[in-house]
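Naming convention: chains lettered A, B, ... in sequence-line order (proteins, then strands); numbering from 1 in each chain.
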Amino acid sequence: MLAKAKSMLTEECETTRFLESRGIRVAETDLGERIQQLDDQPPSHIVGPSWHKTPQDVAAVFAKAYGSDKDNADPAYLAGVMRENTRPLFLQAKAGMTGTNFAVAETGAIVTVTNEGNADLVANVPRLRICSVGLEKIIPRNEHLAVFIRLLTRSATGYSITQYTSHFRAPRQDGEMHVVLVDNGRSSRLGMEKFWPSLKCIRCAACMNTCPVYRRSGGLSYGSTYMGPIGIIMMPTFDARRYSELPFSSTLNGSCTHVCPVKINIHEQIYAWREVMEEKGQIQLAKKGAMIVAGKLLSHPQLYRIAASSAEPSLSLLPRFAIYNRLNAWGKHREIPQPGNETFHDWYKKNRSGAACEDKKQ
Amino acid sequence: MNMRDVILENVRKNQPSPRELPEVSLFHFEQAVDLKTLFTASLKELTGEVVTEPPPDFEQFLRARFPDAKTFCSAVPEYAGNSKPEDFVSWADAGNIDVTIVRSPLGVAETGSVLLSEQEFRVNTIGFLAHDIVILLDPSEIVENLHDAYRHPHFLDNAYSLLMSGPSGSADIGGVSVHPAQGVMTLTVIFWPRAKQH
């Protein structure tokens, strides 16, 4: 059995699935990651993989897996259930695997940052230790770590540091340590003039936490390993065809760029990816047509008002096949919401402008 | 060419134009701060505790603080305990320790962190498999921030160095930070000057 600490890189490479197909049992040891593993779901957030679940959801997952009390949703109780059930896994594991937050060229150190200390356990209890490192995680010198550790924890959790910041330069006595440097398209991305800055990402998730689309839809809705604004600009570098729609899951409000501690121009890259998708012919014809129509309507107020006030009667009167068809890409997976009886413009005129406002003041 | 060479060649070819490494300043406060006070406040953020003086009777202090503890593993000359790191030949056995006592050579005021490594632990797992940990720290060995801390030779010399900044915790359920998690349940730092070398 292999005890594993949380690593987005191994999610990206589907390492667990590969190892299990070779008969190696893999136990996730980060609490959030373990919850997701037991529930057979990918992480929904790169810092808190199970943050989309309520404590009640977790109680149900643990009750099924560990036989704990399904009605006790106290986070401290649930964390205790995890500790009791995971401790034996650490002690029995024949190998430990962690990801890497930073790797230092000067000292050869692999640096991990955790609040649970599970990377330290995984790396120190079994004699065999494997670390996966994305190529972009290598920084030049030890003194630079101070800059990056300060940036990472403040941006990820709001604290000045996380409980365990650990540096591994060599195996424990009589142990083995193997470092796997992973490329998976990174060295090619380095050559993409517009898109290489996404390699600066330190995986703090500040862009997700501020993104209005991520906050409403959650990480699983992106259907990709990396989610939120950073996911939108990273995933197409792996597979532009498969992730051709991701760049459109954004309002382009730019708050991701604003909060990014390593100054990645995320929203500009999202826009640039839209251009790439257009050039590659990855935008569906129906969507393209709809966008042209929307562009016309939104730039002509009078046309827009006519269209808006005719939407309600037409949606109520038209038969279903006229609304839900190939031209309505939006309605493919969901129902169109029922429009109100009057347009916002009419409502505003009635309630907020001129006389109506004066009446209210008195 | 094997894949390794292909990747390295790709990296060389696609490298953005080189630039000078920036000078990293130490980012010290403009006015001197009391490092002991700052350290105590920072450690409290992640629920670690500071005891500001060495207890007159350490044995009694430990018994009172950890009434249910039976195995005290000491890695310091100040206290014998009833076990030492070398007793745990198999590193997994350190799970039987109730309280580990160890000395840190460095505290970081900004973050409330203490530096620990295989030099202090001797058997690394005593630091996380134990139920609780007590760390002795000479207050004159507290530095202001992480920039100072990373100048410590431990980071260049040791196989394993850890900046520990609180007991193991997790905020993965409901976003509430709770104990227990996988490591120690409580972390206590005692300001305890190092014995003078003769």
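The main-chain N or O of B/Asp172 is found under 3.5 Å from a side-chain atom of A/Ser50 such that the two form a donor-acceptor pair. A/Arg150 places no side-chain N or O within donor-acceptor distance of the main-chain N or O of B/Leu146, the cut-off being under 3.5 Å. Judged by distance alone, the side chain of A/Arg169 and the main-chain N or O of B/Asn158 form a donor-acceptor pair under 3.5 Å. Looking only at distances, a side-chain donor or acceptor of A/Arg87 sits under 3.5 Å from a matching main-chain atom of B/Gln182. Remark: side-chain polar atoms of B/Asn14 are not paired, donor with acceptor, to backbone N or O of A/Leu190 under 3.5 angstrom. Between the side chain of A/Trp51 and the main chain of B/Ala171, a donor-acceptor pair closer than 3.5 Å is present. No donor-acceptor pair closer than 3.5 Å links the side chain of A/Asn115 to the backbone N or O of B/Ser168. Looking at A/His167, its side chain never comes within 3.5 Å of a backbone N or O of B/Tyr160 through a donor-acceptor pair. With hydrogens and angles ignored, the 3.5 Å screen pairs no side-chain donor or acceptor of A/Ser187 with any backbone N or O of B/Val11.
Here B/Glu110 pairs with A/Arg154 in a salt bridge; the nearest charged N to carboxylate O distance falls below 4.0 Å.
Of the two parts of A/Val147, the backbone and the side chain both hold a non-hydrogen atom closer than 4.5 Å to a non-hydrogen atom of chain B. Looking at B/Ser113, the atoms closer than 4.5 Å to chain A (heavy atoms on both sides) all sit in the side chain, from C-beta outward. Neither the backbone nor the side chain of B/Glu118 comes within contact range of chain A, judged by heavy atoms closer than 4.5 Å. Contact annotation for A/Val111: neither backbone nor side-chain heavy atoms come within less than 4.5 Å of a heavy atom of chain B. Contact of A/Pro171 with chain B is made through the backbone alone, with heavy-atom distances under 4.5 Å. Contacts of A/Thr157 with chain B are absent, with no heavy-atom separation under 4.5 Å from either backbone or side chain. Residue B/Leu8: no heavy atom, backbone or side chain, is found under 4.5 Å from chain A. For A/His45, no part lies near chain B; criterion is any non-hydrogen pair under 4.5 Å. If you measure heavy-atom distances from B/Val108 to chain A, you find no contacts under 4.5 Å at all. Contacts between A/Arg127 and chain B at a heavy-atom distance below 4.5 Å are absent for every atom of the residue. Residue A/Tyr159 touches chain B through its side chain alone, counting heavy-atom pairs closer than 4.5 Å. A/Leu135 touches chain B through its side chain: at least one heavy atom from C-beta onward sits under 4.5 Å away, while N, CA, C and O do not. The part of A/Ile35 that comes within reach of chain B is its side chain, from C-beta onward, which places non-hydrogen atoms under 4.5 angstrom from that chain. For A/Thr54, no part sits under 4.5 Å from any heavy atom of chain B, backbone or side chain. For chain B, no part of A/Thr114 is nearby; none of its heavy atoms comes within less than 4.5 Å. For A/Ala109, no part sits under 4.5 Å from any heavy atom of chain B, backbone or side chain. Both the backbone and the side chain of A/Pro55 come within contact range of chain B, judged by heavy atoms closer than 4.5 Å.
The distance from atom CG of A/Leu91 to atom CG of B/Asp93, rounded to the nearest 0.5 Å, is 8.5 Å.
For the set B/Val24, B/Thr47, B/Asp148, B/Leu116, the count of heavy-atom pairs under 4.5 angstrom toward chain A peaks at B/Val24.
A pairwise comparison of heavy atoms in A/Ala79 and B/Ile173 identifies N-CD1, 4.3 Å as the closest pair. The minimum heavy-atom distance between B/His147 and A/Ala146, with the atom names listed, is ND1-CB, 3.3 Å. When all heavy atoms of A/Ala76 and B/Pro180 are compared, the pair lying nearest together is O-CD, 3.8 Å. Annotation for A/Asn124 and B/Trp91: closest pair O-CE3, 3.2 Å, computed over non-hydrogen atoms.
Side-chain contact between A/Asn118 and B/Phe128 is absent, with no heavy-atom pair separated by less than 4.5 Å. Contact check for B/Asn10 versus A/Ser188: side-chain heavy atoms found under the 4.5 Å cut-off. Side-chain contact between A/His144 and B/Leu21 is present, with at least one heavy-atom pair separated by less than 4.5 Å.
By the 6.0 Å contact criterion, CD on B/Gln15 is enclosed, its count of non-hydrogen atoms from other residues, nucleotides or ligands being greater than 12. Atom CD of B/Glu86 has more than 12 heavy atoms from other residues, nucleotides or ligands within 6.0 Å.
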